[in-house]
2 protein chains.
Amino acid sequence: MAGIKDVAARAGVSVATVSRVLNDHSGVREETRARVLTAVSELSYRPNTLARSLRTDQTRTLGLVISDVLNPFFTELARAVEDAARESGYSVIIGNADEQLTLQDHHVRTLLDRRIDGLLVSPASGDSVALREAALLGIPMVFVDRWIEGLDVPLVRADGRPAVRDLVAHLYALGHRRLAIITGPVASTTSNERVRAFRSALQEHGLPLPDAYIGQGDFQTASGRRATERFFALPEPPDAIFATDNLMALGVMEQLRRLGLRVPSDVSLAAFDDIPWFLHTDPPITAIAQPTQELGHRAVAALTDLVEGRSAGSVTLSAHLIARRSCGEDERTRR
Amino acid sequence: MAGIKDVAARAGVSVATVSRVLNDHSGVREETRARVLTAVSELSYRPNTLARSLRTDQTRTLGLVISDVLNPFFTELARAVEDAARESGYSVIIGNADEQLTLQDHHVRTLLDRRIDGLLVSPASGDSVALREAALLGIPMVFVDRWIEGLDVPLVRADGRPAVRDLVAHLYALGHRRLAIITGPVASTTSNERVRAFRSALQEHGLPLPDAYIGQGDFQTASGRRATERFFALPEPPDAIFATDNLMALGVMEQLRRLGLRVPSDVSLAAFDDIPWFLHTDPPITAIAQPTQELGHRAVAALTDLVEGRSAGSVTLSAHLIARRSCGEDERTRR
DNA sequence: ATGACCGATGTAATCGTTTCCATGCGCAGC
DNA sequence: GCTGCGCATGGAAACGATTACATCGGTCAT
């Protein structure tokens, strides 16, 4: 592979001049510039980014650590992030934490080793040593969707609380009184927020949230199955289930199918995060939709601000309820 | 951030010795090694991979270019690839081509600029200059799932033809005679193979495949909708539709819902690539499943073989039909 | 006692860039 | 005809690692 020296030789100039042309610095005679450019294309020269980054101490690369690529919400987010970053001239390297703290830290470390310019992360729940270190080191960093308490890092997310309140009102209006929830990991910020919002909305309607109706999940499909199994082992099972993410909702459906139960006649179902398939499931599933695209774009904007020396603040967008048949029929969903 | 010099200074040795310890080369006194190691951890030193790679001319990084991250088949593949690579001590950088040739070439180029050790690609259809150049340059490269004719690059994939044959037999047995197919992009190798297999299977049953029953798609949801729309504008619409990927199947369902048509009573539906949601759609969708995990693992194995100087051959796995209710009832699907 | 050898370590070149500083040249001002 | 200035360019020092080669005691065989 040709290097800058080869280009310089062929153009009959020094490497300094080639570099100047490549980074279009002013002060190169037009004719020289042209000569360099033809040499570049004749040799189909491409600068070695490793060397460049080593020298300039910047990679024009962002790291994105997400909790689970297989979760459509996150793949959509990743997609949006990559698009936005590319528009701003950055590349993105994605690390999939698979909801595991150790894997997450592994990725954070390798990304830092690669000297990425900034880190976008939707942290798995729990205490991440690597993330704390990175924050302390002053690595430009932005949280998206999820966050870690006590770290002074800008956060871009959607506040789902009003939508959760709407959801509870919707369920109540449809006659449901025994509402259950399936949570994410214990220390998950988003999950906790959703649970609290759920509980306080229930209170407004004078409904209790017994412990038995709180299914401990981990944002993965299998935990949705397990929680559902437990609910239906109860003497009085819930008449509505709210899964705090879409994969657990899938688990709920799988388990209901095994148990031979029907939605919504036997039990209602709603999920956090809307995905295209929810329209075509049997029945279509009521969900709370986040503005995923915008989340991604805003997060990148905040991060590039930080990277480029500007300041960045947190951003809170809003989520909204999309009522479908999985909670029963009412005037809004019947057609 | 601390560099190797700082470590050397603190341990009272030269940088050469530190490097030897770090890459555990033999010939370092045990006591010196210990001293270096403590210096490393006291400074929480991490080697700069840019510098290292520049010098050694290897990054221990694989590039993966997939056609569409939003397609669950590819995200699952990406996930498998990353897992396998990590086990072999490689990182993976993913590029999402979004079924666009220019975007694909953009990613191939930036990956090459990053001096990845090898390239795993599921090429978008059409002639890719960047890919051809890379192959000519001798970049270790392996195709997965899709390929480009005329390039001598190992290919890891699943042969879907027998399964397509099974599918046609299944549809025929259920009484369907007007079978339609929705293809991928014109030059797509996988799509073409699926179409050919479909057509020849139809012939075996003495059925024609009129042009009007070939919907030109592009592996994206919207094209599934459009093709369906056209099918039902026909004087005699098909009684079964085979979508050659899962996103187009989603598009078919969306359009059918708009048209107020029901599956399978009005029309049957089957798709290539199985995804978890197919079990819970209304009705569950008959699909051809690929061994995605194994595809990813085999592809990485082939690529690392190439990267590490061994030779690698193509691998062909097989796909299989999973019959569900979307094609109508028979003894296998009725429960 | 001498030299060959070996084990542990250091010195310095190198990878491919960017960029600071020096250099040479033409030209305007005096 | 100098001086000084600006413009275009080149030389060489970094960036942070790896590694070929040199060095330096010490041991051992002769």
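Just so we're on the same page: letters track the sequence lines, and every chain starts at 1. Only heavy atoms go into these numbers, but all of them, side chains included; no hydrogens, no water, no symmetry mates.
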Problem set entry | Sugar-phosphate, base or nothing in reach of A/Gly3, heavy atoms under 4.0 Å | sugar-phosphate
Exercise. Can you find a donor-acceptor pair, distance only, under 3.5 Å between A/Arg115 side chain and D/dG16 base?
Worked result: no
Exercise. Is the shortest side-chain N to carboxylate O distance from B/Asp24 to B/Arg33 below 4.0 Å?
Worked result: no
Problem set entry | Under-3.5 Å donor-acceptor pair between B/Arg55 side chain and D/dT18 base | yes
Exercise. With respect to the side chain of B/Leu54, which nucleotide from C/dG16, C/dG10, C/dT18 is positioned closest?
Worked result: C/dG16
For this session: Would you kindly give the CZ-to-P distance between B/Arg114 and C/dC15, to the nearest whole Å?
Result: 23 Å
Exercise. Taking 4.0 angstrom as the limit, do A/Arg115 and A/Asp57 come out as a salt bridge?
Worked result: no
Problem set entry | Closest to the A/Arg52 side chain, choosing from C/dT17, C/dT11, D/dA17 | C/dT17
Seminar exercise, completed: Taking for A/Thr17 and for B/Arg29 the nucleotide of DNA chain C with the nearest heavy atom, the one nearer the 5' end belongs to B/Arg29
Problem set entry | Distance in angstrom units between B/Ile4 CD1 and C/dT11 C1', rounded | 14 Å
Exercise. Contact class for B/Asn23 (heavy atom, under 4.0 Å): base, sugar-phosphate, or nothing?
Worked result: sugar-phosphate
Exercise. How many Å lie between CG on B/Asp57 and C1' on C/dG16, as a whole number?
Worked result: 11 Å
Exercise. Can you check whether B/Asn48 has a side-chain N or O nearer than 4.0 Å to OP1 or OP2 of D/dC15?
Worked result: no
Exercise. Contact class for B/Ser19 vs. all strands (heavy atom < 4.0 Å): base, sugar-phosphate, or nothing?
Worked result: base
Problem set entry | Integer-rounded Å distance: D/dA14 P and B/Lys5 NZ | 9 Å
For this session: Hey, which sits more toward the 5' end of DNA chain C by its nearest nucleotide, B/Ala51 or B/Val15?
Result: B/Val15
Exercise. Looking for any heavy atom pair under 4.0 Å, which part of the strands does B/Thr32 touch: base, sugar-phosphate only, or nothing?
Worked result: sugar-phosphate
For this session: For a side-chain contact (heavy atoms from CB on, under 4.5 Å) with A/Thr61, tell me which candidate from A/Leu111, A/Thr49, A/Ile93, A/Asp117 qualifies.
Result: A/Ile93
For this session: Nearest whole angstrom, please: distance from the P of C/dT9 to the CZ of B/Arg35.
Result: 8 Å
Exercise. Side chains of B/Asn48 and A/Asp113: donor-acceptor distance under 3.5 Å anywhere?
Worked result: no
Problem set entry | Gap between atoms CZ and P, on B/Arg20 and C/dT11 respectively (whole Å) | 11 Å
Exercise. So does B/Arg35 pair up with B/Glu42, basic N to acidic O under 4.0 Å?
Worked result: no
Exercise. Could you state the CZ-C1' distance from B/Arg60 to D/dA17, rounded to the nearest angstrom?
Worked result: 17 Å
Exercise. Could you state the CG-P distance from A/Asp6 to C/dC15, rounded to the nearest angstrom?
Worked result: 11 Å
